[in-house]
Protein chains: 2
Amino acid sequence: MAAWRAFLSTAHLLDRRIEEQLKAAAGLTHPQFEILVRLAEAPDRQVRMTELARGVVVSKSALTYQITQLEKAGLVERATCPSDERGVFAVITEAGLRCLERVAPGHVEVVRRYLIDRLSRDELRTMTAAMRKTEEALRAPDGR
Amino acid sequence: MAAWRAFLSTAHLLDRRIEEQLKAAAGLTHPQFEILVRLAEAPDRQVRMTELARGVVVSKSALTYQITQLEKAGLVERATCPSDERGVFAVITEAGLRCLERVAPGHVEVVRRYLIDRLSRDELRTMTAAMRKTEEALRAPDGR
DNA sequence: CAGGGAAAGTTAAAATCTGAACAAACGCGA
DNA sequence: TCGCGTTTGTTCAGATTTTAACTTTCCCTG
């Protein structure tokens, strides 16, 4: 359980730092930033709402809210899905991409400074593998 | 960055599972549960508000809110601090302790199932060490 | 091809969190 | 001892998240 405690505290503390950095650099929240990253990486720079929600690990309604916010800020747009009348694509705009380019370096810097650069290559590899295993189990519908 | 992604997703997913389990088992949120755990472990089963907030990694105002909720539920009480007129102790009640005893096993079970038991002894040790280093850095006032 | 259940997004209300402002109490240096 | 900057916990307003409907559309089955 000690491991779990450390994990939990660290996750919260790191999240807090990141939030602070993003807010200062671009007025973005962490979830908003995550959304932009995922969109920027996606083919055609667009992702379906539900898939995006799963990726960012956020409820569908929270995503609806955040996309609306990002839309107001001009960083994202909604597009209807041709193949499925119900579907909605979130699409990152040019402004969104520029914003991301501007903010990403500072973000990476924080993650490196507090997490990545403190770990040896071995530690990093081990931790990544461990996280992957856990994530996989958590994403499995039955909890495996 | 892949490590970071895995870490982030896993933390969110696991948190979600835990929240779900606690809600079902006792109507508690994860922060509320954390608060109870820390109080139960403390000498005299009481902790000062500010210290508790630091431990649980939550803002002071969020703690005030949660303690009020827990007080309504009869799981926690507030006590004035004799040595410092400003200070407030959060104290866990008998009912709080009983609640914790009832819920803790299920909670531990979830954490083990998804995180602990998936990792080898080595992985676990490495990860704990890594988290401790990171946590220490994040808690240092200057970010070291 | 009609019906019913499942899935996609949104919405509304309630709960929770954040940040800033605040009042009270502390404590240190002049 | 006085005064001023800190610390403590709370409060308030605003932002965000959650949960549970709800609408629309899809798709499988008979």
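Source: prediction; values computed, not measured. Convention: sequence-line order gives letters A, B, ...; per-chain numbering from 1.
- For the residue pair A:T93/A:R98, the side-chain donor-acceptor check at 3.5 Å is not satisfied.
- Pairs of residues two or more places apart, or lying in two chains, that qualify as salt bridge (Lys or Arg N to Asp or Glu O under 4.0 Å) and include a residue from residues 45-70 of chain A are A:R45-A:E94, A:R48-A:D84.
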Nucleotide by nucleotide, 5' to 3', does protein get under 4.0 Å of the base (B), only the sugar-phosphate (S), or neither (-) in nucleotides 7-17 of chain C, counting heavy atoms?
BBBBB---SSS
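- Tested against A:Q66, the residues A:V56, A:I35, A:V58 include a single side chain to side chain contact (heavy atoms under 4.5 Å, CB included) partner, A:I35.
- Here A:E135 pairs with A:R139 under the side chain to side chain donor-acceptor pair (under 3.5 Å) rule; sequence neighbours left out.
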Salt bridge (charged side-chain N to carboxylate O under 4.0 Å, His left out) evaluation trace for B:R118 with B:E123:
CA-CA 9 Å; B:R118 306 214 170 248; B:E123 285 178 319; over 6 Å; no
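- Using a 4.0 Å cut-off on heavy atoms, none of the residues of residues 37-46 of chain A approach DNA chain D.
- Applying the salt bridge (Lys or Arg N to Asp or Glu O under 4.0 Å) test to residues at least two apart or on different chains, none of the pairs has a partner in residues 24-40 of chain B.
- Taking for each of A:S83 and B:E19 the nucleotide of DNA chain D with the nearest heavy atom, the 5'-most of the two is the partner of B:E19.
- B:L124 CG to B:L115 CG: the interatomic distance, rounded to the nearest 0.5 Å, is 7.5 Å.
- Taking atom CD of B:E85 as the reference point, atom C1' of C:dA23 lies 14 Å away to the nearest angstrom.
- Pairs of residues two or more places apart, or lying in two chains, never qualify as ring pair (Phe, Tyr, Trp, His ring centres under 6.0 Å) while including a residue from residues 49-77 of chain B.
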